[in-house]
Amino acid sequence: MATLSPSSPPSSPFITITGKLTTRRLINCAFRSNCGKRISRFRSGVIVTMSMEKKKKKKEVWIWTENKQVMTAAVERGWTTFIFSSIHRQLATDWSSIALINPIFIEDKSLFDNKAKLVATISEISSPQELEQLQPAYEHADNIIVDLLDWQVIPAENIVAAFHGTRKTVFAISKGLSEAQIFLEALEQGLGGVVLKTEDVETVLELKEYLDKRNKEGSLLDLTKATITRVQMTGMGDRVCVDLCSLMKPGEGLLVGSFARGLFLVHSECLESNYIASRPFRVNAGPVHAYVAVPGGKTCYLSELKAGKEVLVVDQSGIQRTAVVGRVKIETRPLIIVDAKVDSDSDKETFYSILLQNAETVGFVPPIKGGGNEATAIPVTSLKIGDQVLVRVQGGARHTGY
């Protein structure tokens, strides 16, 4: 069994992990943040102490390409910083005549702008020793570009740890979306940005879509109060339990409905119950035909969910986040149909509908009352006419999820 032992004075950013066969020096990020509690993790051989408070800053994207179509697609999506080798200055001049771009040029592992000001440095990392030698405090540029060559996950986590608390922006060279995600999500914080090195327009589009979804994390969705008008037992149906790779807390659930124009906030099974053990990763979401909200302002059928697909988790206040589906269970169960109405400004009532399994562990999320923050659920088995629940109203009907 591996043991931990100091390998240098307490001020050193390294520890030694001694195992039966090998000894490896890895970065120990024991940084104390100014923003609250710390939490220690052992992940991929790295002990990290990070703040409990998540601060998601907007990630930067620089483009490294010689393809005009890639440049155009990037500029149209708001990315205007482009990297050129010193022999491609004429290309930078040509592109600057047709688009407002910010060109920077590589010279001997340093990057300079048009006025010869140092913008960034490049460090190539191909071994643990080179990773150890990377000293953030001694870099002169405000931006550091790291080329991890054949490495990905562990160095990304180590670099996030090493630069935690500094004001420098660290980029990693990425050739595709999967690499970019690793760098931008390492240790739940990620690097400050990526240098996308590509000649493929589709890679630009994929990265933009990913960042748009990521930037919506923590943003608010408008939820509307709806009044229950009908609760009625119906026949048997194939209902879907959605098990996520994330834990949900009281007040959170999935947006589900028979029509995409009105989705009910269905509570997770995270609350304690006399009937069954708490399962904070599960939402008993409804029959196979129902719609469920997914990232990007879209919906899909519950029957289309599968492991690896993303869904939106929403709480009582409308705060949204993305979660990955780990498993889907479809079983035949007795169903209950629920109708609710929403009063509009035009004094016109709009009705919405949903079917759910008739079980004590299935429930709706009610509105927060009196400025409090009570995270409760109303089980469908005790639901009655006049009760209020939360609904996401989305306008007209959808076609193929849009």
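Here, residue 1 is the first one in the sequence, and each next residue gets the next number.
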Closest non-hydrogen atom pair, [X] against [Y]:
X      : Y      : result
Leu271 : Ser278 : O-CB, 4.1 Å
Ser258 : Leu355 : OG-CD1, 3.8 Å
Thr234 : Ile337 : CG2-N, 4.3 Å
Cys245 : Gly326 : SG-CA, 3.6 Å
Ala290 : Val256 : CB-CG1, 3.8 Å
Thr203 : Gly176 : CG2-CA, 3.9 Å

State whether the side chain of [X] and the backbone N or O of [Y] hold a donor-acceptor pair below 3.5 Å, judged by distance alone.
X      : Y      : answer
Glu252 : Met248 : no
Thr65  : Thr198 : yes
His267 : Gly251 : yes

Does some side-chain heavy atom of [Y] sit less than 4.5 Å from a side-chain heavy atom of [X]?
X      : Y      : result
Ile83  : Leu111 : yes
Ile63  : Val61  : yes
Asp387 : Pro366 : no
Cys300 : Val292 : yes
Arg321 : Ser246 : yes
Trp79  : Leu211 : yes

Show every donor-acceptor pair shorter than 3.5 Å between a side-chain atom in residues 66-76 and any protein atom, with sequence neighbours excluded, or say none if there are none.
{"unit_1": "Asn67", "atom_1": "OD1", "unit_2": "Gln69", "atom_2": "N", "d": "2.7"}
{"unit_1": "Asn67", "atom_1": "OD1", "unit_2": "Val70", "atom_2": "N", "d": "3.0"}
{"unit_1": "Asn67", "atom_1": "ND2", "unit_2": "Glu199", "atom_2": "O", "d": "3.4"}
{"unit_1": "Thr72", "atom_1": "OG1", "unit_2": "Lys68", "atom_2": "O", "d": "3.0"}

Item to complete: Tell me, please, which residues at least two apart from Lys341 pass salt bridge (charged side-chain N to carboxylate O under 4.0 Å, His left out).
Response: Glu349
Sequence neighbours excluded and cut-off under 3.5 Å, please list the side-chain donor-acceptor pairs for residues 301-309, or say none.
{"unit_1": "Tyr301", "atom_1": "OH", "unit_2": "Tyr291", "atom_2": "OH", "d": "3.4"}
{"unit_1": "Ser303", "atom_1": "OG", "unit_2": "Val288", "atom_2": "O", "d": "3.4"}
{"unit_1": "Glu304", "atom_1": "OE1", "unit_2": "Tyr301", "atom_2": "N", "d": "3.1"}

Worksheet item: Partners of Arg333 by side chain to side chain contact (heavy atoms under 4.5 Å, CB included), sequence neighbours excluded?
Response: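 Side chain to side chain contact (heavy atoms under 4.5 Å, CB included) list for Arg333, sorted by chain: Arg239, Glu331, Gln357.
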Residues 100-109 side chain polar contacts: donor-acceptor under 3.5 Å, at least two apart:
{"unit_1": "Asn102", "atom_1": "ND2", "unit_2": "Thr81", "atom_2": "OG1", "d": "3.4"}
{"unit_1": "Glu107", "atom_1": "OE2", "unit_2": "Arg89", "atom_2": "NH2", "d": "3.2"}

Worksheet entry | Spacing of CG belonging to Leu356 relative to CG belonging to Leu335, to within rounding of 0.5 Å | 8.5 Å
Fill in: CH2 on Trp62 to CZ on Phe171, rounded to 0.5 Å
4.0 Å
Discussion item. For residues 245-265, which residue pairs pass the ring-ring contact (aromatic ring centres under 6.0 Å, His included) check, not counting sequence neighbours?
Written reply: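 Sorted pair list: Phe264-Phe364.
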Fill in: Heavy-atom neighbours of Lys208 NZ exceed 12 at 6.0 Å
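Atom NZ in Lys208 is packed in, count exceeds 12.
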